[in-house]
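In this text, all values refer to a predicted model and were calculated from it rather than measured experimentally. Only heavy atoms go into these numbers, but all of them, side chains included; no hydrogens, no water, no symmetry mates. Lettering follows sequence order; numbering is per chain, from 1.
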Amino acid sequence: MMQDENLFAAMRGDVLNALDALAPGLPPDVLARVEVTPTKDAAHGDMATNAAMIAAKPAGKNPRELAAGLVEVLSARAGIAKAEAAGPGFVNLTLSPALLLAQLPVILNAQEAYGQGASRARKINVEYVSANPTGPLHVGHCRGAVVGDALSNLLTKAGYEVTKEYYINDAGAQVLALARSVYVRYLEALKLSPEAYIETVPGGMQYGGAYLIPIGEALAEKYGDEYAETPEANWLDIFRDFAVSRMMVMIREDLAALGVRHDVFSSERVLVENGGVERGLQVLRGKGLIYRGILEPPKGKTPEDWEPREQELFRSTEYGDDVDRPIAKSDGSFTYFANDIAYHADKVARGCPDLIDVLGADHGGYVKRMQAAVKALSGGRLDVVLCQIVKVMKDGEPVKMSKRAGTFVELRDLIDEVGPDAVRFLILMRKADAQMDFDLNAALAQTRENPVFYVQYAHARCRSVLRAAPASSAEADFSTLTAPEEMALLRRLITWPRLVEQAAESREPHRVAFFLYELASDFHALWNAGRENTALRFLQDDKPAETAARIGLVAATAIVLRSGLAVLGVNPVEEMR
RNA sequence: GUCUCCGUAGCUCAGCAGGAUAGAGCACCAGAUUCCUAAUCUGGGGGCCGUGGGUUCGAAUCCCGCCGGGGACACCA
C-alpha cells in the first residue's frame, strides 16, 4: 500500500478486507457503498470510513460493535497510527506520518503524471461547442467550450481515451439563411442595392452582423458580378459553402484564443450526403422502433395552427421519453432529430460506447429523446452536461451587445478584456448547471477576490522558492516535516488522485477548480507561517537536510498545482510582477 | 398544462453519489509587513439550508406537494 498513488482507494481495500473477516459474504451492492473519505475535521484523523454503518444491517450486527471490530483489525495495519470508533459508527483513521511522508517521493517521481488514473482502455467521446457556423462565438458558447474542454482533460487525466468533437450544423435552413445574408453583403460590395433582393427573401436578412461584410467582399472579388442578378439556384450552394468554411475558420480562431482544440470536426452535411441518416435509422427500424403515427396535440396550450399529421415516429417512450418523437416531417423529409440520431449512431460506430454532449440549457428539452435514441442504438450511455446561461456583469450592471455581431457579447471581446485564463477559471468555479454571473470587475482584480490570481500566485511563489533552492530530490529525508501547516498541505496533496477520479465520474470539472483554490490556500498559509516563525521558512542555509525536505514539499505542491491547472487549461505562471 | 435545472450567511457560491458542530470568498470588525513576493496571512460577528410532509439510526443531500426564478415544450435547426 505504501507505493499506491491513491491512498484512499488503497485504504478502502484494507477496510473491505477487515470487513470481510468480521462479516463474511456481504452482497456486492452493500460493499460498493463502503467509502473511505478525507475528514472535514482534523480531530477525526486523516480518513474516515462508513463501513460499519453500511454493513451493520445486512450483517445483522450493531454498528458500534462492528466499528470496534474494524478498529481492532485496522489498528494492527502498518501505516495506521490510530483507529477509533466515533459517532454512530464511523471509524476514524489517523495515518502514521511515515505513510503520509512516503507520498512525497511518489509525487516527485511521478511528476505531472501524479493522479493520472489507470488506463481504462475505454473510449469516450465528448462533443462540445458545436455552435452553428453562422457567426462568431459569444459568451453563451464560451461556457460550453470551457466546460467541455476541461471535462475532456479531466477524463483523460482519469484514464479515459477521449475524443474531443465539434458537430458542424451545416445542413439546415440556418446555413441557407447565412448564404442569403452573405449574398446581400456581396451585392453591397458590388455597389448594388440589395433592397430588391431582400424583399424576395422570406425571413429577410437574418444575419446582419458586420462580420459578414468581408465575406461579401471576398466573393465579389472572386466572382465579380457573375451572380449579381441571377436566381438563387445558381449561387446558393456556392455561397453557403464559402460562407460556412469562412465561419468555421473564424470559430476556430475564437476557440484557439480560448485555448480550445477539438480532435474531430464532423459535418452534418457530409453525413447526410453519404446516406448516414438512413444508415443510422436502420438500426432503429430493425428493432421495430420506427412507426407511422399521429401525435397528440401538446397538453395545455395547443398551438393555433395545430392539425393532426401522420409522420414517421421514433418510439422513444420505450426508453423513458415522455412522448414519441418525429423523425420525418409530413412531407417525408427528415427532421433535425433524425440527423442527430444518425450523428450519434456514427459516433457509436466509430468505437465510442460512452458519449457526452455538452449543450446549452436551451437544449434541456432534448436530452431525454437523445438518451433514448442512444440507448436504443447501442445500449450505451449518453451523459448530457447542460450549461446554464452566463450573464456578464460590470459594475453591477449586465453587459450586452457587441459591435461586430450586433446581438451578443462576443467571446473575443471577453477574452480581450480579461484574458483566457481568467475566463476559463472563473467559469470553472461554478457548476455547469447553475446560472452564473460573470463579474468582470472580479476577473480583473488582482487580489484574493479573483481565484485565478490566488492560485497562480501560489504557483509563482513555489517557483520563486525553487529558483532560489538546490534541486529537489525524491531521495531526501522528509521526516523533518512535522509542522501542522506542512502536514495540512501534504494531506491536501494526497487527495488529488481521489479528486480526479470523483470529479471525472460525476463529470464535474468545477471540483478541480475548488480543489486548487484550497490547495493554494494551504500553501499561502504555510508561507505566512514562515513569516511569523522563521524556523518554518523553506530555505535555511545552515540546515541543508530540513531545507531539502521542504523544497520537496514545495516542488510537490507546484507539481499538483500545475497538473490541476493543466486540466482546467489555465497557464501556470512562473512569476508575477 | 407537461418536462427540466435552480433556491444554502447581506452578496457570489461550495458542500465530495445520506453521515459527525453546514463551509469559502466578498462586504463588516480587530490584528500581522526590517523577512523565501503582504497580489498574502491570523482571529471575530453573521444561517428555521425556500416551505410543508415522508423515508431512517441519521436528510442541505433521497421521495411527494406547494411557493419563487431560469430554460424547453408538435414537421425550426
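Whole-Å rounding puts the A:Tyr454 OH to B:rG25 C1' distance at 10 Å. Following rounding to the nearest Å, A:Phe90 (CZ) and B:rC57 (P) show an atom-to-atom distance of 15 Å. When rounded to the nearest whole Å, the span between CD1 of A:Ile427 and P of B:rC13 equals 13 Å. As rounded to whole Å, 14 Å separates atom P of B:rU56 from atom CZ of A:Arg33. Distance CG (A:Leu359) to C1' (B:rA77): 13 Å, rounded to an integer number of Å. Regarding A:Leu499, its CG atom lies at a distance of 14 Å from the C1' atom of B:rA17, rounded to whole Å. Whole-Å rounding puts the A:Glu486 CD to B:rC36 C1' distance at 14 Å. Protein atom OH of A:Tyr366 is 10 Å distant from nucleotide atom P of B:rC76, rounded to whole Å.
The side chain of A:Gln502 lies closest to B:rC16, out of B:rU37, B:rA77, B:rC16. For A:Pro88, whose side chain is taken as the heavy atoms from C-beta onward, the closest listed nucleotide among B:rA32, B:rA17, B:rG19 is B:rG19. Taking every side-chain heavy atom of A:Arg461 into account, B:rU37 is the closest of B:rU56, B:rU37, B:rC75. With B:rU56, B:rU42, B:rU37 as the choices, the nucleotide that has an atom nearest any side-chain atom of A:Ser464 turns out to be B:rU37.
Side chain A:Asp437 to base B:rU12: no donor-acceptor pair is found below 3.5 Å. Below the 3.5 angstrom threshold, one finds a donor paired with an acceptor across the side chain of A:Asn92 and the base of B:rA20.
Interatomic distance, A:Ile551 CD1 to A:Ser472 OG, rounded to the nearest 0.5 Å: 6.0 Å. With rounding to the nearest 0.5 angstrom, the CG atom of A:Asp542 is 8.5 Å from the CD atom of A:Glu546.
Within residues 505-518 of chain A, the residues having any heavy atom under 4.0 Å from RNA chain B are, by residue number, A:His510, A:Arg511, A:Phe514, A:Tyr517.
Qualifying side chain to side chain donor-acceptor pair (under 3.5 Å) partners for A:Tyr166, counting only residues two or more places apart in sequence or in other chains: none. Annotation: ring-ring contact (aromatic ring centres under 6.0 Å, His included) contacts of A:Phe515 (sequence neighbours excluded): A:Trp496. Residues passing the ring-ring contact (aromatic ring centres under 6.0 Å, His included) test with A:Phe8, sequence neighbours excluded: none. Partners of A:Glu268 under the salt bridge (Lys or Arg N to Asp or Glu O under 4.0 Å) rule, at least two apart in sequence or in another chain, do not exist in this structure.
The salt bridge (Lys or Arg N to Asp or Glu O under 4.0 Å) pairs that include a residue from residues 170-181 of chain A are A:Arg180-A:Glu232, where partners are two or more places apart or lie in different chains. Evaluation of the salt bridge (Lys or Arg N to Asp or Glu O under 4.0 Å) test over residues 45-67 of chain A, restricted to residues two or more places apart or in two chains, returns A:Asp46-A:Arg491. Sequence neighbours left out, not one pair with a member in residues 28-40 of chain A passes side chain to side chain donor-acceptor pair (under 3.5 Å). Contacts classified as salt bridge (Lys or Arg N to Asp or Glu O under 4.0 Å) and involving residues 500-513 of chain A (residues at least two apart or in different chains) are given here: A:Arg120-A:Glu501, A:Arg120-A:Glu505, A:Asp383-A:Arg507, A:Glu508-A:Arg511.
As judged by a 4.0 angstrom heavy-atom cut-off over every strand, A:Phe337 is placed among residues making no nucleic acid contact. Within the 4.0 angstrom heavy-atom criterion, base atoms lie near A:Ala86. If you check every strand for non-hydrogen atoms under 4.0 Å, A:Asn169 touches nothing. As judged by a 4.0 angstrom heavy-atom cut-off over every strand, A:Ala48 is placed among the base-contacting residues. Base engagement by A:Glu307 is indicated by at least one non-hydrogen atom pair under 4.0 Å involving a base atom. If you check every strand for non-hydrogen atoms under 4.0 Å, A:Glu532 touches sugar and phosphate atoms only. Within the nucleic acid shown, A:Met53 comes within 4.0 Å of at least one base atom, counting heavy atoms only.
A:Asn450 places a side-chain N or O within donor-acceptor distance of the main-chain N or O of A:Ala442, the cut-off being under 3.5 Å. At least one donor-acceptor pair under 3.5 Å links the side chain of A:Thr547 to the backbone N or O of A:Lys543. Put simply, the side chain of A:Ser333 never gets that close to the backbone of A:Lys329: no donor and acceptor are under 3.5 Å apart. Formation of a donor-acceptor pair under 3.5 Å by the A:His344 side chain with backbone atoms of A:Ile341 is not found in this model.
For the P atoms, the distance from B:rC49 to B:rU8 is 11 Å, rounded to whole Å. Going from the P atom of B:rG23 to that of B:rA72 covers 38 Å, rounded to whole Å. Taking atom P on both B:rA30 and B:rC16, the two are 36 Å apart, rounded to the nearest angstrom. Across the C1' atoms, B:rG15 and B:rG7 are found 15 Å apart, a figure rounded to whole Å. Taking atom C1' on both B:rG70 and B:rC36, the two are 49 Å apart, rounded to the nearest angstrom. Of the P atoms belonging to B:rA24 and B:rC63, the separation is 29 Å, rounded to the nearest Å. With both ends at atom C1', the span from B:rG54 to B:rC11 equals 34 Å, rounded to whole Å. With both ends at atom C1', the span from B:rU37 to B:rG43 equals 24 Å, rounded to whole Å.
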Please tabulate the protein-to-nucleotide N/O contacts below 3.5 Å involving nucleotides 44-46 of chain B, giving atom names and distances.
none

Which atom pairs link the protein and nucleotides 2-10 of chain B when you take only N or O atoms and keep those under 3.5 Å?
{"unit_1": "B:rC3", "atom_1": "O3'", "unit_2": "A:Lys368", "atom_2": "NZ", "d": "3.1"}
{"unit_1": "B:rC5", "atom_1": "O2'", "unit_2": "A:Asp433", "atom_2": "O", "d": "2.7"}

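Side chains of A:Tyr291 and A:Asp324: a donor-acceptor N/O pair is present below 3.5 angstrom, by distance only.
The strand RNA chain B forms stems, runs of 3 or more Watson-Crick or G-U wobble pairs with distances below 3.5 Å, at B:1-7 with B:67-73, B:10-13 with B:23-26, B:28-32 with B:40-44, B:50-54 with B:62-66.
A sub-4.0 Å separation between OP1 or OP2 of B:rC75 and a side-chain N or O of A:Thr335 is absent. Within the 4.0 Å cut-off from OP1 or OP2 of B:rG15, not a single side-chain nitrogen or oxygen of A:Lys40 is found.
A:Glu312 has no carboxylate O lying under 4.0 Å from a charged side-chain N of A:Arg292, or vice versa, which leaves the two without a salt bridge. A salt bridge is absent between A:Asp321 and A:Lys368; no separation between the charged side-chain nitrogens and carboxylate oxygens falls under 4.0 Å.
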